[in-house]
Each structure stands twice: as structure tokens, then as C-alpha cells.
Asker: 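Let me begin by handing over the structure; questions about it come next.
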Amino acid sequence: MKLSVWTYEGPPHVGAMRVATGMTDLHYVLHAPQGDTYADLLFTMIERRDHRPPVTYTTFQARDLGSDTADLFKTACRDAYDRFQPQAMIVGASCTAELIQDDPGGMAETMGMPIPIVPLELPSYQRKENFGCDETFFQLVKALARPVEKTEEITANLIGPTALGFRHRDDITEVARHLQEMGIAVNVVGPMGATPEDLTRLGAAHFNVLMYPETAESAARWMERELGLPYTKTVPIGVGATRDFLREVSDITGLPVRTDESRLRLPWYSASVDSTYLTGKRVFLFGDGTHVAAAARIARDEMGFEVVGLGCYNREQARTIRRVAKDYGVEATITDDYLEVEAAIEAAAPEMILGTQMERHIGKRLGIPCAVISAPVHVQDFPARYAPQMGFEGANVIFDTWVHPLVMGLEEHLLHMFREDFEFNDEAGPSHHAAHAPAQRPAAPAEEGGAAPRPAAPDSPRDISTQEEGTGAVPGGIEVIWLPAAEKELKKIPFFVRGKAKRNTEAFARERGVAEISVDTLYEAKAHYAR
């Protein structure tokens, strides 16, 4: 077991909680110690839900370990049923409670409850949150779904969306809209929005749309085998993937592809003159396997970026991501250690990161813009507005989300370039005001042979490439010194490659025994590494 400041996934019981919270009339009794109720905040604070998760905790304490903790669990089950009257219950243990081996599933089966009780065996020390989602939904489907008569009209189930998922709420609306344009109705959406009773009607559909393989592929495979429900393999994120998805639906149903592309703007925006300066931008992708695979295709084929690195944190999708990485000519980064991800990003020196909330923090430290494409995410990625990732409207949202960090990064770079200009320097007032001349301040004593030093802007982004003012530590006891003019010239280099330029120049100087880096040294190094 490894302690970490950050973690991409919680334990598997958090995945079970995501399924329970997304559904209605389902209750989760979790055998857990006092303190594990922290998970409620993931939904009420980060996802901004208007009610807490449908979870009852046994909340045993240290003093209870010397008595009968099993009785605490049984009491919690009875109280939860009496209070909430759910259609079904799922029962399991948190990682801590797993150690005392009370067997919640076995105890619940002996209680004679009047509703279905689905036991969960989630190995907390071997698997993680996405597995918890997948396994919980699979066990619910396996326990409740049965062969039933098909609907008269062609219908589909949308499976995979959960609470705390990245834009799952809006993806449901967008995918349902595309199906409706083809004359296909939605039978059941699950887990999100479904009741246990709804899951008994899954077999009435003609096929399943597998929206998120990491949370519902096991259930999709079981329904294909046991209920005769084929499922789609293409995740409709991006223009090309959405078109492929619609053709796949057509192949399954025999219906012609009918869709309204008038609302699709990404292709035109991406090819417009204002976007051409983004062509060839180097990007690094990291997140869950589903979103990374889709984003890589969008980045290269629809935005004209160069993919210089990609990877995923959920090892269940490692094989898929390694295959994708091979197609893009890069090595996959498969890890759940954010420090390894940061090292891979720093080595690749991208101009933008497409990642999770973790990579957003990494980008801030490295001075690289980041757009979020995958969970885990923070509160700002659960917008009140309609902002899907799937379908044609999702493609429009993706264009805006990805391009804006680059545009703002370019603006930031230009402000750095012109920071000596009278209108843009740190002491200038807002340019849209009439009196925008620099404020007059007493002149500071000038250093010999140079201008007076000027304080850095308090709000300027942290420049990690020049933290060691003017010096670069060198193996062997030699110290490289940056002359003021060279430092000033270094700051004109775009922030997203400045660190690499600094390291290359210092290496160039060391190899030639140069102790003081001048402007000439900087450009000689640039010419050397450009060959």
C-alpha cells in the first residue's frame, strides 16, 4: 500500500458509491469505520449535487472492535430499509472494514430482507475506483436483468454514466439526441437515472450503447451473452468518432444514418485562419483510457496537433492505450503515480497538456497550459451549463476547451515579450483608461553599467525555468552564470519551451568550459541544437 498526496482513483467502494448515487431507489450499506463518510463531500461539494449519496455507514469505532461489529452491520441494514424503503440494496465493506472480515454479503443474505440485496466483493487493496463502478453495475445487472419481450420500436440502452463522472449528465442528452435523429428511442439509461426496477427492463432494448468502457464493459459483455444485446464499440467523442458511432448503430439496427451536422463547428473553426497558428502544437495526453484514446484522435486528425506523449492511470485499459500509443509513435505512460506523469511531461516538453485535475496542477508548476479531458476533476469541471464531450456539440465544446488555454498562453507570452514597452510594463495602468501612462515613481539607484532593477509583477506566473537567479548548478563543481542581457533574452523565449532552452544552453556552455552565458552563447547553443 502506498501513501500519496494525490490519487487518480479512490478505493473501489467509492466506485460503488458512484453507481448508487447515480441511481434512485437503490441504497448502499457500507461497513466502514468512523471517518469514511468523507466520500460524501465528493458528490455534494465537488459535483454540486443537491442531495447526499444514498449510503448508510456502520461507522464502527476502535472500541467496537472488541465487541460484535457484525451486529452493528445488521442493525444498519434494518435501519436503512425502514428509513429509506429502497427497491434494492447493495452491501459491502470499505478498505478498513475489509480487514476485520465480517462478510457483509453473507450477513445480509441471512437477514430475510423483503427486497433484493446484492453483495459486493471489492478487493480494496488490489483494485480501484473504476473497477468498483464496473463491478457494482455488473453485479446489479446480473442480479436484476432478465430476458423480456423486445420493444416494438427500435430502442437502445445507454450504459456507463455514473455520478461524479466527467460530463456524464450532458453526454446522455447528446447521445440520446443523435439516436432520436435516427428514429431510435432510449429504453433505459443506467446506472445514472435508473431504478433497480428499470434494470429488470434492460433486455427489452435491441442493443446497448456502451458510453464508458471503464464503468460498464463487464455488464455490456454479460448482456450480449445472456440477453442477446449487441453493444457499440465506438465511443462518440470527436467528429470522426461520432460519425463512426452512427455508422456502427446503422450496421446494428439496419437504419440509415440521419444526423444534423449544421450545429457542428469544430471542423470549420479548426481549419480557419485564426487556428492555423495552432497547427503542429505539441500535446501530451493523460487520463482514463476512454477519454485519452478519443482525445488523441481529435488532437492529431481534427485539430492538427502533434501527440508527443500519452498514457492512462487505470491499468484495466493499459493494453488499449499501449496499442494507441504505438499508432502515434510514442511510448505509453501507464501509472497512477502523478510524479511519474510529471516527469514524463517534463521530458516530452509539450506546448499543452490534455489531462485531469492532477495535470492541471502539474501544468501550473511547469508553466504549461492544460485543458481537462478526463476525471478526476474539480468543481469547475461540473458546469451548470450544457457542456457535453460526446457527439457534435461535444466536439464544439472540446474545441473551445482546448484552444482557449493555447490562446491565453500566447497572450501571456506576448505580454512577457513586450513587458518593457511603456504601455504593457508592470507599472502601467489599464490601457482602456484615458490616463494609462506609467505611474511616476522615484528612481531606484542604477547598477553600474545597467538600468535600475524593476520588481517582478506580483501576479505574473511562476517561471520555473529561472528560479535559480542567473546561475545553473553544474556537475563537477563548475558554476554557470547567466549574464543580465542573456537572462533578458531568455525571457523572450515562449514560456512553454523556455525551460528546455535554459537546460540546453547550460549543457552547451559546460561542454565548452564557458562559465558565463552571454547572448551570443544562447544563440550559439540554439544553432547547435537546431542542427
Side-chain angles (χ1 to χ4, degrees), residues 2 4-10 15 126-134 165-167 212-215 217 234-235 237-238 241 280-303 305-378 381 389 398 401-402 405-406 496-497 499-500:
K2 181 171 63 176
S4 177
V5 178
W6 291 346
T7 179
Y8 286 97
E9 296 182 88
Q126 288 82 39
R127 309 304 287 269
K128 295 194 174 182
E129 182 179 325
N130 278 316
F131 170 82
C133 287
D134 185 70
F166 183 57
R167 308 292 171 82
Y212 310 102
E214 70 272 10
T215 59
E217 187 166 8
T234 305
V235 177
I237 298 178
K281 290 294 184 186
R282 295 162 50 83
V283 297
F284 190 102
L285 302 91
F286 195 84
D288 70 61
T290 296
H291 286 86
V292 166
R297 178 178 179 181
I298 298 170
R300 184 186 66 182
D301 300 343
E302 298 173 20
M303 303 283 281
F305 296 158
E306 179 188 354
V307 176
V308 297
L310 58 81
C312 73
Y313 56 78
N314 47 337
R315 296 181 182 276
E316 294 86 356
Q317 293 184 299
R319 184 176 298 176
T320 298
I321 292 303
R322 286 195 177 98
R323 185 169 60 248
V324 171
K326 186 177 181 181
D327 292 341
Y328 286 77
V330 297
E331 184 176 350
T333 302
I334 311 297
T335 181
D336 59 1
D337 185 337
Y338 65 90
L339 295 176
E340 290 182 22
V341 177
E342 181 170 355
I345 291 172
E346 195 167 9
E351 294 163 88
M352 183 169 72
I353 305 167
L354 302 174
T356 74
Q357 174 69 13
M358 311 280 237
E359 283 66 51
R360 185 172 9 223
H361 290 304
I362 290 171
K364 286 179 181 177
R365 288 205 305 280
L366 298 180
I368 304 172
C370 177
V372 173
I373 63 166
S374 161
V377 294
H378 207 359
D381 293 303
Q389 295 290 284
I398 286 170
T401 305
W402 295 12
L406 286 173
F496 39 76
V497 291
K500 185 176 182 181

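Here the structure is a predicted model, which means the values were calculated and not measured.
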Asker: Hey, could you give me the CG/CD1 distance between Asn314 and Ile321, rounded to the nearest 0.5 Å?
Answerer: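 If I round to the nearest 0.5 Å, the distance is 8.0 Å.
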Asker: Using 0.5 Å steps for rounding, measure from the SG atom of Cys312 to the OH atom of Tyr8.
Answerer: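 The distance works out to 11.0 Å.
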Asker: Is any side-chain heavy atom of Ser374 less than 4.5 Å from a side-chain heavy atom of Tyr313?
Answerer: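 They are in side-chain contact.
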Asker: Would you check, one step at a time, whether the test side chain to side chain contact (heavy atoms under 4.5 Å, CB included) holds for Val283 with Val307?
Answerer: CA-CA 5 Å; Val283 297; Val307 176; 4.3 Å; yes
Asker: My understanding is that only residues two or more places apart in sequence, or in another chain, count here; which of them pass side chain to side chain contact (heavy atoms under 4.5 Å, CB included) with Gln357?
Answerer: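 So Gln357 forms a side chain to side chain contact (heavy atoms under 4.5 Å, CB included) with Arg360, His361, His378, Gln380, Asp381.
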Asker: Do Val341 and Thr335 come within less than 4.5 Å of each other through their side chains, counting heavy atoms only?
Answerer: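 Answer yes - side chains close enough.
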Asker: Could you go step by step and tell me if Ile398 and Ile237 meet the side chain to side chain contact (heavy atoms under 4.5 Å, CB included) rule?
Answerer: CA-CA 9 Å; Ile398 286 170; Ile237 298 178; 3.7 Å; yes
Asker: Once rounded to the nearest 0.5 Å, what's the spacing between atom NE2 of His291 and atom CZ of Arg167?
Answerer: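 Answer for the NE2-CZ pair, His291 versus Arg167, is 9.0 Å.
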Asker: Supply the atom-to-atom distance Lys128 NZ to Thr7 OG1, rounded to the nearest 0.5 angstrom.
Answerer: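 Between atom NZ of Lys128 and atom OG1 of Thr7 there are 4.5 Å.
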Asker: What I'd like to find out is whether the side chain of Glu214 reaches to under 4.5 Å of the side chain of Glu316, using heavy atoms alone.
Answerer: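 Contact flag for Glu214/Glu316 side chains = no.
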Asker: Atom CD in Glu9, atom CG in Asp336: separation rounded to 0.5 Å?
Answerer: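 That separation rounds to 7.5 Å.
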Asker: Shortest non-hydrogen contact from Gly289 to Gln317?
Answerer: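 For Gly289 and Gln317, the tightest heavy-atom pair comes out as N-OE1, 3.0 Å.
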Asker: Determine yes or no for a side-chain-to-main-chain donor-acceptor pair under 3.5 angstrom, with Glu346 supplying the side chain and Ala343 the backbone.
Answerer: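 Side chain of Glu346 to backbone of Ala343, a donor-acceptor pair under 3.5 Å: no, none is there.
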Asker: Are side-chain heavy atoms of Ile298 and Trp402 found at a separation under 4.5 Å?
Answerer: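 A side-chain contact under 4.5 Å exists here.
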Asker: Between Glu306 (side chain) and Arg282 (backbone), is there a donor-acceptor pair under 3.5 Å?
Answerer: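 Absent.
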Asker: Would you be so kind as to tabulate the donor-acceptor pairs closer than 3.5 Å made by side chains of residues 324-334, with sequence neighbours excluded?
Answerer:
residue, atom, partner, partner atom, Å
Tyr328, OH, Ala296, O, 3.3
Tyr328, OH, Arg297, N, 3.2

Asker: Can you confirm whether Ile362 sits close enough to Glu359 that some side-chain heavy atom of one is under 4.5 Å from a side-chain heavy atom of the other?
Answerer: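 Result yes, sub-4.5 Å side-chain heavy-atom pair found.
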Asker: Can you tell me how far CZ of Phe284 sits from CD1 of Ile368, rounded to the nearest 0.5 angstrom?
Answerer: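 Spacing of CD1 (Ile368) from CZ (Phe284) equals 10.0 Å.
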Asker: If every non-hydrogen atom of Ile373 is compared with every non-hydrogen atom of Ala295, which pair is closest and at what distance?
Answerer: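 Ile373 and Ala295 have their closest heavy atoms at CD1-CB, 3.8 Å.
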Asker: Can you find a heavy atom in the side chain of Phe166 that is under 4.5 Å from one in the side chain of Thr356?
Answerer: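 Side-chain contact under 4.5 Å: no.
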